[in-house]
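One structure is given here, and the rest of the page talks about it.
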Amino acid sequence: MRSLGFISEWVLWYYAFLTKAIAMENQLSNFLYTSRLAPHFPLTGVAQIVKQARELNAIRGITGILMFDGENFSQYIEGPTDAIRALEKSLIADDRHTNFDVRAKSDDLTLRRFKSWSMGFVDSGE
């Protein structure tokens, strides 16, 4: 039979593990970027980008807003750090836009600005 000391140590270790896991899970990051619609990509394809982003962002816990003026994008996104970093890499590699420029980013976001928007969209080019 194991001693109570061992069980106490195990409980403390497990509590610390869970606390760290919860903190990591709740760590939020954000970033803001601008880019330009690629010349080969049709203007009509932007609606599909927004639809797909809303679906994937909802699954990944990402929220934010995308602004488009008919030629240029500006997007602010926020969510779990791992999901945000993965999305950033994906956006950098996406050939549907060019001139990708990260304007701001942070890994210490404490409060979401767009909590209920999986992807708000503003099209000022209409």
Side-chain angles (χ1 to χ4, degrees):
M1 184 169 166
R2 297 203 167 144
S3 71
L4 189 55
F6 171 80
I7 293 172
S8 296
E9 287 177 28
W10 185 86
V11 167
L12 288 173
W13 174 87
Y14 189 66
Y15 175 77
F17 171 79
L18 286 179
T19 301
K20 184 176 180 181
I22 290 168
M24 288 175 64
E25 181 178 305
N26 292 328
Q27 183 178 359
L28 296 174
S29 294
N30 63 6
F31 82 93
L32 170 69
Y33 75 89
T34 58
S35 66
R36 170 168 268 164
L37 185 67
H40 71 275
F41 193 76
L43 190 59
T44 56
V46 174
Q48 181 59 34
I49 291 173
V50 173
K51 181 180 184 291
Q52 182 181 21
R54 283 181 174 149
E55 293 168 359
L56 293 174
N57 288 355
I59 292 167
R60 297 174 179 151
I62 295 173
T63 56
I65 186 166
L66 174 66
M67 291 153 282
F68 181 64
D69 69 2
E71 187 176 336
N72 299 292
F73 295 100
S74 181
Q75 185 174 24
Y76 169 84
I77 59 172
E78 59 194 13
T81 299
D82 291 345
I84 293 297
R85 293 299 155 244
L87 179 57
E88 182 181 6
K89 287 179 184 175
S90 175
L91 287 168
I92 289 169
D94 193 333
D95 70 349
R96 298 175 292 185
H97 62 165
T98 62
N99 301 345
F100 186 89
D101 183 22
V102 175
R103 299 296 181 110
K105 69 196 253 182
S106 172
D107 288 335
D108 61 356
L109 183 66
T110 57
L111 184 65
R112 288 182 188 255
R113 290 173 176 84
F114 297 96
K115 185 177 179 178
S116 60
W117 293 7
S118 62
M119 182 50 56
F121 179 64
V122 177
D123 185 350
S124 63
E126 294 181 344

Minimum-distance pair of heavy atoms, taken over all atoms of Thr98 and Pro39: CG2-CD, 4.5 Å

For the residue pair Pro80 and Arg112, what are the closest heavy atoms and their distance? CD-NH2, 3.8 Å

State which residue, out of Ile49, Ile65, Val50, fulfils the side chain to side chain contact (heavy atoms under 4.5 Å, CB included) condition with Phe121. Val50

In the structure I gave you, are the side-chain heavy atoms of Phe68 and Leu43 within less than 4.5 Å of one another anywhere? yes

d(Asn57 CG, Gln52 CD) to nearest 0.5 Å is 9.5 Å

Parallel, tilted or perpendicular: which one describes the rings of His97 and Phe73, with boundaries at 30° and 60°? perpendicular

Please examine the side chains of Ser74 and Thr34, heavy atoms only from C-beta on, and report whether any two atoms are closer than 4.5 Å. yes

For Arg60, look at atom CZ and say whether over 12 heavy atoms of other residues, nucleotides or ligands are found less than 6.0 Å away. no

Closest heavy-atom pair and its distance - Glu78, Lys115: OE2-N, 3.9 Å

CG-CD distance between Leu37 and Glu71, expressed to the nearest 0.5 angstrom: 8.0 Å

If I take atom NZ from residue Lys89 and atom CG from residue Leu91, how far apart are they, to the nearest 0.5 angstrom? 12.5 Å

Which heavy atom of Phe100 sits nearest a heavy atom of Ser35, and at what distance? CA-CB, 4.0 Å

So do the side chains of Ile77 and Ile84 get within less than 4.5 Å of each other, counting heavy atoms only? yes

OG1 of Thr63 to OH of Tyr76, rounded to nearest 0.5 Å, is 7.0 Å

First locate atom CZ of Phe31, then atom CG of Leu87, and finally report the distance between them rounded to the nearest 0.5 Å. 5.5 Å

At what distance, to the nearest 0.5 angstrom, does OG1 of Thr81 lie from CD of Gln27? 3.5 Å

Student check: side-chain heavy atoms of Met119 and Leu56 closer than 4.5 Å: no

Any idea which heavy atoms bring Asn30 and Arg113 closest together, and the distance? ND2-NH1, 3.7 Å

Run the numbers on Asp107 and Ser29 for side chain to side chain contact (heavy atoms under 4.5 Å, CB included), then give the verdict. CA-CA 4 Å; Asp107 288 335; Ser29 294; 2.8 Å; yes

